[in-house]
2 protein chains.
Amino acid sequence: MSHNKVVNGNKMPSSKEVALLAQVSQATVSRVFSGQTNIREQTRLRVLEAAEKLGYRPNAIARGLTLNRSNLIAIVSINVVNPHYNVMINKVADRIQKLAREPLYFVCSEEKKLDEIISQVLQYRVDGIIVLSAAVSTQMAAECEKIQIPVVVFNKYTVNNNIMTVCSDNVKAGWMAANYFHSKGYRNYAFIGSNTFLGTSKDRLRGFKDALFEKGIEKCEVQMVPYTYEAGGQAIREILSEEKKIDAVFCAGDMLALGAMDTIKYEYGLKIPEDIAVIGFDNIDAASWPPYSLTTFEQQIDKMLDTTFNYLSKKLNGEAISEGVELFECKIVERSSVL
Amino acid sequence: MSHNKVVNGNKMPSSKEVALLAQVSQATVSRVFSGQTNIREQTRLRVLEAAEKLGYRPNAIARGLTLNRSNLIAIVSINVVNPHYNVMINKVADRIQKLAREPLYFVCSEEKKLDEIISQVLQYRVDGIIVLSAAVSTQMAAECEKIQIPVVVFNKYTVNNNIMTVCSDNVKAGWMAANYFHSKGYRNYAFIGSNTFLGTSKDRLRGFKDALFEKGIEKCEVQMVPYTYEAGGQAIREILSEEKKIDAVFCAGDMLALGAMDTIKYEYGLKIPEDIAVIGFDNIDAASWPPYSLTTFEQQIDKMLDTTFNYLSKKLNGEAISEGVELFECKIVERSSVL
DNA sequence: TATTATAATGATAACGTATACATTTAGATA
DNA sequence: TATCTAAATGTATACGTTATCATTATAATA
């Protein structure tokens with residue numbers, strides 16, 4: 001059938017077959033490929049040559065079984081179209097590879113199903129789990145802790161003894177946004193958040209309202225919508241339609257902000273920032289483009305990743321490091337969507 | 001030390017431990033969890049109860065070893081910030097999960113290193129490999145074929161007997177773009193492609209030039225730049241700076257097109273489409289936003305994914321299906337960046 | 001050369017699962 | 001009840017690696 005009859009046509013050769021060809025024991029082959037030192041150069045070469053000839057590659061699955069770890073690190077992310085998000089995922093994947101591990105990628109349609117997904121993840125005996133923008137249940141966190149699998153929740157504020165949480169200080173950012181608006185003379189506020197990232201949006205809203213309260217302002221139009229450009233437009237439409245006079249809108253995501261801006265300009269013929277000022281969140285690429293020039297918040301993603309991976313690698317090396325919540329301050333990137 | 005002394009504090013229980021508690025053999029536990037039928041309901045429940053009590057989860061790694069397949073499907077993608085791309089990756093991941101497999105995600109910084117990455121992928125004895133926008137070497141393709149691992153190259157035209165290629169008909173799309181421009185009366189052309197997706201860009205350029213040639217037009221300014229918004233701007237700057245009169249530019253990617261458009265409008269004060277018409281590629285979200293309203297090409301991503309996963313699942317089920325190149329036509333989405 | 005110390009290698013037992021085969025049990029029939 | 005058949009379960013082994021321990025080969029020393 002096959003044109004190739006060498007050894008075992010259709011499956012990858014094992015170390016045993018390499019050993020046979022190189023005339024050494026299987027253990028020696030294993031030693032060569034697990035990078036041990038006590039090997040005579042001559043035999044090492046003979047083994048490598050035999051391996052080359054057979055197209056041998058160590059079986060990571062089998063290795064995982066004996067070592068009781070897979071070298072896999074899971075990324076669990078909610079399924080959302082968000083440029084900022086995809087940048088994050090790529091960065092996370094890259095860091096995992098730099099840790100000499102492989103990213104096992106799980107997409108989670110609804111946050112409700114997160115526990116189910118993690119349960120699946122655990123079947124792979126991953127070395128660690130990074131959850132993006134979703135909350136891990138207390139029960140699941142306890143279970144992971146019990147079997148010594150480090151979990152980092154990234155970009156979602158949760159308090160949980162057993163897991164590491166790395167997150168932006170969203171409450172403070174909201175507070176900063178309000179103060180920034182106020183300092184520029186704006187007085188009639190609106191907030192557009194997303195129910196896709198509900199917790200995060202709520203935190204930003206809380207900080208926003210806190211600051212307004214400090215200034216003696218109670219009124220603030222609030223819309224919570226899906227995280228899309230269109231929904232941003234729809235939200236501002238709701239706000240503007242009912243004769244509610246606002247002159248400043250804080251959007252808990254650039255995508256929402258861009259949708260709102262275009263609606264403000266093209267549907268209502270209003271000027272930004274003269275009629276309405278806008279602040280966004282995430283500083284996605286498009287925020288800096290001339291048609292928008294959106295003032296927005298930048299998160300310290302790289303520093304957050306440093307913390308995440310410092311924690312993970314310490315855990316993986318068995319070094320002591322304690323869990324907790326690590327908050328990072330956001331920075332306003334000033335452009336021209338606010339006076 | 002630990003507050004929990006049940007069985008084996010810090011590692012996940014095995015089927016053996018479950019068997020012990022349920023007073024059955026390990027084989028029976030295995031049978032319950034691999035969904036076999038010949039099990040008395042009573043014992044099945046006893047096993048499930050014991051498993052529940054111990055927090056047992058089958059070890060996918062060990063299962064992979066015996067079955068000689070991991071249930072993993074690798075996604076190998078080049079590292080690029082491209083919204084269209086991230087949408088694709090999410091869709092691919094989702095389909096993999098629907099196939100009851102898990103996506104193992106590899107990011108490849110340079111296309112040169114693809115073979116190296118695939119070599120790593122193969123260590124995990126993945127059930128299949130999906131390569132996005134990168135070419136697999138003939139040698140590597142042959143190797144994968146030999147060990148019966150199906151490979152699909154998505155979104156990159158390559159001819160290779162051993163792998164399945166699913167790709168848009170880029171040559172034809174380029175040809176369509178030129179004809180579209182020409183039918184609207186434009187006569188002075190430029191092309192901006194990306195060296196990040198060089199092969200794809202070249203194909204689109206070839207079709208574009210072919211059509212121009214048919215019309216008796218030889219001249220066409222060409223720029224090949226990295227796939228970014230900024231590079232798109234820089235490219236059009238190069239084209240416009242040297243007194244080269246052009247009135248139509250075809251960009252092999254929306255990101256490039258948006259960058260070019262903003263530069264045309266805000267730096268040169270020219271009007272789109274009156275002074276210069278623009279066609280993009282991919283139909284990313286931003287292309288439809290009012291400031292751009294970009295006429296662009298839409299790829300039949302879902303149909304392409306259908307073909308990809310139909311091929312994969314047939315291969316995985318051992319059904320016969322032959323490799324080959326499957327091309328999909330692109331569709332122009334007409335907006336107002338062309339007269 | 002004989003003796004040691006050390007480096008290199010081999011033999012073997014895990015790791016947790018699935019499965020072929022052997023055995024037991026339960027249900028059906030006479 | 002005895003017998004037979006089929007279903008349920010148990011036993012034992014293999015999957016490809018790593019690691020421990022035992023053994024052999026090599027180099028260093030007297």
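Proteins come first, then strands; the chains are lettered A, B, ... in the order of their sequence lines, and each starts at number 1.
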J.: Specify the angle, to 10°, made by the local axes at the two ends of the helix from C/dT1-D/dA30 to C/dA30-D/dT1 when five pairs are taken at each end.
T.: 40°

J.: Roughly, in whole Å, what's the span from CD in A/Gln23 to C1' in C/dA8?
T.: 17 Å

J.: Reckon B/Tyr124 has a side-chain N or O less than 4.0 Å from the OP1 or OP2 of D/dT17?
T.: no

J.: Can you say whether a donor on the side chain of A/Gln42 sits under 3.5 Å from an acceptor on the base of C/dA8, or the other way round?
T.: no

J.: List the steps and the verdict of ring-ring contact (aromatic ring centres under 6.0 Å, His included) for B/Tyr105 and A/Phe106.
T.: CA-CA 10 Å; B/Tyr105 184 50; A/Phe106 286 75; over 10 Å; no

J.: Starting at the 5' end of DNA chain D, which residue's closest nucleotide do you reach first, B/Thr28 or A/Tyr56?
T.: B/Thr28

J.: What's the CG-P distance between A/Leu20 and D/dG16, to the nearest Å?
T.: 14 Å

J.: If you measure from NZ on A/Lys113 to CG on A/Asp115, what distance do you get to the nearest 0.5 Å?
T.: 13.0 Å

J.: Identify whether any heavy atom of B/Ser30 sits under 4.0 Å from a base atom; if not, whether one sits that close to sugar-phosphate; answer base, sugar-phosphate or nothing.
T.: base

J.: So for atom CD, which belongs to A/Glu319, do other residues, nucleotides or ligands contribute more than 12 heavy atoms lying within a distance under 6.0 Å?
T.: yes

J.: Roughly, in whole Å, what's the span from CG in B/Asn71 to P in C/dA18?
T.: 11 Å

J.: Base, sugar-phosphate alone, or nothing: which one does B/Val29 contact when heavy atoms must sit under 4.0 Å apart?
T.: nothing

J.: Between CG of A/Asn71 and CD of B/Gln123, what distance do you get to the nearest 0.5 Å?
T.: 9.5 Å

J.: Can you tell me if the side-chain N/O atoms of B/Asn38 get under 4.0 Å from OP1 or OP2 in D/dA8?
T.: yes

J.: Find the distance A/Leu45:CG to C/dT9:C1' and express it as a whole number of Å.
T.: 16 Å

J.: Could you please name the option among C/dT17, D/dA8, C/dG10 that lies closest to any side-chain atom of B/Arg40?
T.: D/dA8

J.: Roughly how far apart are A/Lys11 NZ and B/Arg69 CZ, rounded to 0.5 Å?
T.: 16.0 Å

J.: For D/dT18 and A/Arg31 - does any side-chain N or O of the residue sit under 4.0 Å from the phosphate oxygens OP1/OP2?
T.: no

J.: If you measure from the Lys or Arg side-chain nitrogens to the Asp or Glu carboxylate oxygens, is any gap between B/Glu143 and B/Lys146 under 4.0 Å?
T.: no

J.: Round to a whole Å and report the spacing from CE of B/Met12 to C1' of C/dG16.
T.: 12 Å

J.: When you look at A/Lys91 and A/Asp302, which way does the salt bridge (charged side-chain N to carboxylate O under 4.0 Å, His left out) test go after all the steps?
T.: CA-CA 9 Å; A/Lys91 286 192 174 190; A/Asp302 290 319; 3.2 Å; yes

J.: Given that A/Thr43 and B/Gln26 both sit by DNA chain C, which one's nearest nucleotide is further toward the 5' end?
T.: A/Thr43

J.: For B/Ile39 and C/dA18, give me the distance from atom CD1 to atom P, rounded to whole Å.
T.: 12 Å

J.: Working to the nearest 0.5 Å, report the span between OH of A/Tyr124 and OG of A/Ser70.
T.: 10.5 Å

J.: Ignoring backbone atoms, establish whether B/Lys11 has a side-chain N or O less than 4.0 Å from OP1 or OP2 of C/dC15.
T.: no

J.: Within the modelled atom types, does a donor on one side and an acceptor on the other bring the side chain of B/Arg125 and the base of D/dG16 under 3.5 Å apart?
T.: no

J.: On the nucleotide D/dT17, are OP1 or OP2 found under 4.0 Å from the side-chain N or O atoms that A/Lys16 carries?
T.: no

J.: Before accepting this row, confirm whether a basic side-chain N of the pair A/Glu41/A/Arg46 lies closer than 4.0 Å to the acidic partner's carboxylate O.
T.: no

J.: About how many Å separate CG of B/Leu316 and CD1 of B/Ile73, when rounded to the nearest 0.5 Å?
T.: 5.5 Å

J.: Using heavy atoms and a sub-4.0 Å distance, could you list which residues of residues 58-70 of chain B are near DNA chain D? By number, please.
T.: B/Leu65, B/Thr66

